[in-house]
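First up is the structure itself, then whatever we jot down about it.
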Amino acid sequence: MLYLQIPLLAVLLAGGDNEDAFQEPISLQGNYISYLYNHSWAQSWGSVWLDEMQIQSWESNSGSITFLRPWAKSNFNNKEMTIVEKLAHLGHIELLHTLRNYASEWKLGYPFEIQITGGCELHPGGHMVSFSQLAYEGSELLSFQNSSWVPSPEGGTRAQQIGTVLNQRNVSNKLTLEMISNACPRFLLGLLDAGKADLQRQVKPEAWLSTRPNPGPDHQLLVCHVSGFYPKPISVMWMRGEQAQQSSQQSDILPNADGTWYLRIFLDVEATETSGLSCRVTHSSLEGQDIILYLDRPNSKGLIILAVMLPLLLLLTGLAFWLKKHWTHCVPPPTLLPLERFQQPRDSKPT
Ligand SMILES: *[C@@H]1O[C@H](CO)[C@@H](O)[C@H](O)[C@H]1NC(C)=O
């Protein structure tokens with residue numbers, strides 16, 4: 001059924017008005033971390049990510065899934081979601097049990113951390129790839145291939161030992177395969193549909209500039225801040241005229257709390273070399289109207305003040321003319337005293 005759905009989806013997406021929404025692969029990934037303090041005490045957390053957006057969280061104490069987006073249940077009904085929740089809980093209990101039993105044989109020294117990740121990735125042509133890995137203290141030990149765990153070369157004997165034990169559990173492996181290669185793609189396709197309005201939204205960035213001495217007064221660090229945009233792909237460059245400044249340095253693109261993104265672009269320049277510099281922001285939400293901020297031109301605040309001041313000035317000039325015209329009609333103009341009266345003749349002495 002799945003193989004029929006994917007090309008169908010590809011056709012639907014290609015025919016839609018948002019053709020560039022899926023030019024990159026999209027992944028659905030579940031992450032699980034278990035931290036074992038000692039033989040009897042462990043804490044575990046889980047999260048589900050659609051690309052870089054977290055949509056679900058799970059915590060071992062409650063054993064229940066929290067949905068972080070209104071569409072995070074995809075097209076699964078409550079019964080199906082309950083099954084997923086139960087499987088997650090059982091898998092977690094069984095894993096802890098196994099780890100505790102084999103901790104000394106596998107030389108897992110308390111405290112230690114086990115991470116498991118698994119999911120599926122949809123490629124632009126409709127091709128789907130499933131994956132799962134298990135890591136100990138941050139380094140990969142095993143990866144799931146076809147229908148069994150394969151030790152990673154760098155995992156050594158420990159990886160082989162764990163692989164052997166895990167592969168004896170036929171039911172668990174079948175379930176893992178079912179989850180990543182069947183349930184996951186179905187869930188992912190459902191998410192793309194249920195969350196369409198959210199995932200395909202376009203949010204315009206705001207941009208502003210700041211400068212600071214770097215590190216002494218003869219160098220300046222120019223910072224172009226760009227925040228609040230969605231989706232993530234963006235191009236921001238420091239320019240001199242039409243010339244992109246290759247020495248620009250980009251920060252990581254960081255998430256804002258509302259799911260939009262934030263980044264900074266730095267340029268280190270000599271303090272005397274700042275003229276003609278601008279920051280150019282190109283983003284899909286701007287529809288070709290790039291944001292360009294100039295370092296040394298009147299900023300928009302100055303323009304606003306000018307825009308308010310100009311009519312005011314005109315009004316005042318008009319008023320002055322009106323007053324002058326009407327005043328001369330009603331009141332005799334003040335008599336002007338001859339200038340000579342105020343001037344001391346240069347060489348004459350006061351009398
Ligand atoms: C296990 O670790 C927890 C948390 O550090 C601690 O409270 C507990 O006493 C420990 N238990 C044993 C048996 O060492």
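The structure displayed is predicted, hence computed values, not measured ones. Ligands are counted one by one from 1 in listed order, and the atoms in each one are counted from 1 as well.
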Problem - Lys73 NZ/CZ over Phe67 ring centroid, <6.0 Å and within 45° of normal - result: yes

Exercise for the section: Evaluate the criterion side-chain contact (heavy atoms from CB on, under 4.5 Å) for residue pair Tyr37 and Gln43; output intermediate values, then yes/no. Expected result: CA-CA 8 Å; Tyr37 294 86; Gln43 233 179 334; 3.1 Å; yes

Handout entry: Beyond-backbone contact of Leu134 with Trp149, side-chain heavy atoms, under 4.5 angstrom
Key = yes

Practice task
May I ask you to identify the nearest protein heavy atom to atom 5 (O) of ligand 1, giving residue, atom name and distance to one decimal place in Å?
Solution key: Tyr37 CD2, 4.4 Å

Practice task
Return the residue, atom name and 0.1 Å-rounded distance of the protein heavy atom closest to atom 13 (C) of ligand 1.
Solution key: Ser40 OG, 3.8 Å

Exercise for the section: Return a yes/no value: protein heavy atom under 4.0 Å from atom 11 (N) of ligand 1? Expected result: yes

Exercise for the section: Give the C-alpha distance, both sets of side-chain angles, the deciding distance and a yes or no for side-chain contact (heavy atoms from CB on, under 4.5 Å) between Ile116 and Gln133. Expected result: CA-CA 6 Å; Ile116 299 177; Gln133 282 113 26; over 6 Å; no

Completion exercise
The closest protein heavy-atom partner of atom 6 (C) of ligand 1 is Asn38 ND2, 4.1 Å

